[in-house]
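Everything on this sheet refers to the single structure shown next.
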Protein chains: 2
Amino acid sequence: MQKNTSHAAGLHRASLRKLHDLDAALELMYYGWRGMTLSADQYLATVGLSRPHHRILYVVARQPDISIGALIEILGISKQAVNRPLNLLLQRKLLTSKRSPEQHRSKLLRLTEAGKRVEQRASDHERKVLREAFDRVGPPGAAAWMAVMGVIADNN
Amino acid sequence: MQKNTSHAAGLHRASLRKLHDLDAALELMYYGWRGMTLSADQYLATVGLSRPHHRILYVVARQPDISIGALIEILGISKQAVNRPLNLLLQRKLLTSKRSPEQHRSKLLRLTEAGKRVEQRASDHERKVLREAFDRVGPPGAAAWMAVMGVIADNN
DNA sequence: GTTCTCACGTCAATATAGTTGACGTTAGGG
DNA sequence: CCCTAACGTCAACTATATTGACGTGAGAAC
């Protein structure tokens, strides 16, 4: 008789007793985040990267020639925290950094072709999960989801 | 002329160029998670606790006399990872652990009154954010949000 | 009753993602 | 020309997780 300690990765969308009417929603937010990022993280792990690397790739893909300072602003973490994953990406040639001759102060970041591929594949995993969910509820449901998330996201 | 490096905590719901139609949704998930947990985390910090402590308190509140093993199953992390925050909560007397005379093998966890207060206040911060968002879109929107998140959460 | 086994729980070492502090470099304004 | 402040890097530390090793106790085999 084997105990089921092995498949702990699935992490059990818990059937906890609900003390409040919004407890279910609260738990959904938690497991939703995990559900969206899980397959992307698994893919990233196969290429030796993780979430912070993906976040950098994601932003640079959408704003080529961004400076490190601007990148930091968007990511909301310290420049020192960005440094290590950023250097790994440069070293792996997923990113390039050049200083333009006249603006010598900041480095400008850009994805290489390999970097674009990784960014796209990782983000595709996340978008696939979202797409399936939106398909399940139709455009009005998707719009409602976006509206709710917009309000929640503005709580900063 | 002061540069705005100080309020970096607000982390800028970025106005990035959208490469795909679902990019906006993807970013909303990220900032939504942060938006929901931010005020709760700030409260927890004032009492010297953080997210893993809250997760433990949350589960124990909803399943009194839970064993450490069962707690681990629900949290989806290793028993070693649970150990340190759990011991802090015991030491701070926010949790009690007793071994029942006949089931001497596992410890049974329970919240103290102080533990209940902390759990409730932290979770209230999160529920407040959700409630405001749901109020903004009405019951059908809330239901749609739950449906979408349910599908996403099942991606494990 | 003794002993074997295994779940439960703890301790130690390591990895990863973040922080703050200190420092060199470069651009631009007195 | 030099002072200042932004940009970027290096080093040290903290927090949250991981895996591995180990002690303890309950229940079964004998």
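Quick note on labels: first sequence line is chain A, next is B, and so on, each numbered from 1. Side chains included, hydrogens not; waters and symmetry mates left out as well; all remaining heavy atoms used.
In this structure, A:Leu88 CG and A:Asn83 CG are separated by 11.5 Å, a value rounded to the nearest 0.5 Å.
Remark: P of D:dG23 and CG of B:Asn83 are 17 Å apart, rounded to the nearest angstrom. The distance between atom CG of B:Leu88 and atom P of C:dT10, rounded to the nearest whole Å, is 14 Å. Atom CG in A:Leu89 sits roughly 17 Å away from atom C1' in D:dG8 (whole-Å rounding). The CG-C1' distance, from B:Leu86 to C:dC8, rounds to 13 Å in whole Å. As rounded to whole Å, 13 Å separates atom P of D:dG8 from atom CD1 of A:Ile56. In this entry the distance linking CG of B:Leu90 with C1' of C:dG9 reads 12 Å, nearest Å.
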Heavy-atom protein contacts under 4.0 Å, nucleotides 13-21 of chain C, coded B base, S sugar-phosphate only, - none: ----SBBBB
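The aromatic rings of B:Trp33 and A:Trp33 sit parallel to each other, their planes meeting at less than 30°, with 60° as the upper class boundary.
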Show every donor-acceptor pair shorter than 3.5 Å between a side-chain atom in residues 58-65 of chain B and any protein atom, with sequence neighbours excluded, or say none if there are none.
from	atom 1	to	atom 2	distance (Å)
B:Tyr58	OH	A:Glu27	OE2	2.6
B:Tyr58	OH	B:Arg62	NE	3.4
B:Arg62	NE	A:Asp23	OD2	2.8
B:Arg62	NH1	B:Tyr58	O	3.0
B:Arg62	NH1	B:Glu119	OE2	3.1
B:Arg62	NH2	A:Asp23	OD1	3.3
B:Arg62	NH2	A:Asp23	OD2	2.9
B:Asp65	OD1	B:Arg110	NE	3.1
B:Asp65	OD2	B:Arg110	NH2	2.8

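For the residue pair B:Thr37 / B:His125, no side-chain donor-acceptor distance below 3.5 Å is found, with atom types taken as modelled.
Residue B:Lys107 places at least one side-chain N or O closer than 4.0 Å to OP1 or OP2 of C:dT10.
The side-chain hydrogen bond (donor to acceptor under 3.5 Å, both in side chains) search around B:Glu113 returns B:Lys116, not counting sequence neighbours.
At a threshold of 4.0 Å, the pair B:Arg127-B:Asp124 counts as salt-bridged, since one of the basic side-chain nitrogens sits closer than that to a carboxylate oxygen.
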